[in-house]
Amino acid sequence: MRRVLIAALVLMPVLAYAEAPRFLPVQGFLAEKGGDAVDGEVEVRFTIYTGPQGGIQLWQESQTVTADNGIFHVLLGMAEPLDLAIFGDYDGLWLGIKVGDDTEMQRVFLGTVP
């Protein structure tokens, strides 16, 4: 029994990595300039950069986002494939978000979670 348990523990991380989805969940709150929550569909462009300003643009996609009382949830990588290996290739990555014709908001640092 002990040998089987050890083999299973060794194989589990490999299997978990092989089956990892190539999506990055993002949730946020959208508000008008006056502070009122946005309701309905808006076009949002998401961009991943290597720095908080400037840097290299590594990935980008646009999605139609549905906000409910300002709250939205998307899976990045649904419209444009997202190679999760970029998270191991750089010290830090930053997410830029641009809603409609507005200018891109201040970038958000992307941390990793288990």
Side-chain angles (χ1 to χ4, degrees):
M1 180 69 169
R2 187 174 189 186
R3 287 185 218 161
V4 174
L5 178 60
I6 292 170
L9 292 175
V10 171
L11 291 176
M12 283 176 59
V14 174
L15 293 174
Y17 178 76
E19 296 175 11
R22 296 187 177 270
F23 303 113
L24 179 65
V26 171
Q27 184 175 358
F29 180 83
L30 294 175
E32 301 287 347
K33 291 181 181 178
D36 294 333
V38 172
D39 271 313
E41 293 184 344
V42 291
E43 188 70 19
V44 181
R45 184 182 73 201
F46 301 94
T47 309
I48 296 178
Y49 299 94
T50 59
Q53 298 174 352
I56 301 167
Q57 177 183 314
L58 299 174
W59 174 88
Q60 183 178 80
E61 79 175 6
S62 292
Q63 290 191 29
T64 301
V65 171
T66 302
D68 182 12
N69 201 24
I71 298 172
F72 72 92
H73 174 80
V74 296
L75 291 173
L76 301 184
M78 293 295 288
E80 192 65 37
L82 178 58
D83 183 2
L84 298 180
I86 64 173
F87 290 92
D89 294 341
Y90 297 90
D91 290 336
L93 297 177
W94 299 81
L95 179 64
I97 301 173
K98 181 180 183 301
V99 179
D101 294 330
D102 292 349
T103 58
E104 187 176 82
M105 296 180 214
Q106 181 177 351
R107 295 177 189 171
V108 178
F109 180 73
L110 292 173
T112 57
V113 295

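- One distance of note links CD1 of I97 with CG of D102; it measures 12.5 Å at 0.5 Å rounding.
- M105 and L24 fall within the same hydrophobic cluster, defined by Ile, Leu, Val, Met, Phe, Trp and Tyr side-chain heavy atoms under 4.5 Å apart, directly or through other members.
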Inset, instruction - Evaluate the side chain to side chain contact (heavy atoms under 4.5 Å, CB included) criterion for residues V44 and F72: first the C-alpha distance (whole Å), next the side-chain angles of each, then the deciding distance (0.1 Å), finally the verdict. - result: CA-CA 11 Å; V44 181; F72 72 92; 5.9 Å; no
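- Residues L82 and G77 share a closest heavy-atom pair of CB-CA, 4.0 Å.
- Judged as a salt bridge (Lys or Arg N to Asp or Glu O under 4.0 Å), not a single pair has a partner in residues 57-81 (not counting sequence neighbours).
- When every heavy atom of S62 is checked against every heavy atom of A79, the shortest pair comes out as O-CB, 3.8 Å.
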Inset, instruction - Report the C-alpha separation of H73 and V65 in whole Å, then their side-chain angles, then the decisive distance to 0.1 Å, and conclude whether the side chain to side chain contact (heavy atoms under 4.5 Å, CB included) test is met. - result: CA-CA 8 Å; H73 174 80; V65 171; over 6 Å; no
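- I86 and L84 end up in the same hydrophobic cluster when Ile, Leu, Val, Met, Phe, Trp and Tyr side chains are linked at under 4.5 Å.
- Counting Ile, Leu, Val, Met, Phe, Trp and Tyr side chains that sit under 4.5 Å apart, directly or through other members, I71 shares a hydrophobic cluster with F29.
- Proximity of a side-chain donor or acceptor of K98 to a complementary backbone N or O of G100 within less than 3.5 Å is detected.
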Inset, instruction - Decide yes or no on side chain to side chain contact (heavy atoms under 4.5 Å, CB included) for W59 and D83, but give the supporting numbers first. - result: CA-CA 9 Å; W59 174 88; D83 183 2; over 6 Å; no
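- Residue A37 comes nearest to G70 through the heavy atom pair CB-N, 3.7 Å, listed as atom of the first residue, atom of the second, then distance.
- We find the OG1-CG distance between T50 and D89 to be 12.0 Å, quoted to the nearest 0.5 Å.
- Taking a 6.0 Å sphere around CD of Q27, one finds it holds more than 12 heavy atoms contributed by other residues, nucleotides or ligands.
- When every heavy atom of V74 is checked against every heavy atom of F46, the shortest pair comes out as CG2-CZ, 3.7 Å.
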Inset, instruction - Output, in order, the C-alpha distance, side-chain angles, deciding distance and verdict of side chain to side chain contact (heavy atoms under 4.5 Å, CB included) for Q57 and I48. - result: CA-CA 6 Å; Q57 177 183 314; I48 296 178; over 6 Å; no
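- Each side chain to side chain donor-acceptor pair (under 3.5 Å) pair with one or both residues in residues 34-49, not counting sequence neighbours, appears once here: E43-T64, T47-Q60, Y49-E104.
- Pairing each heavy atom of G92 with each of F109, the nearest pair is CA-CE1, 3.8 Å.
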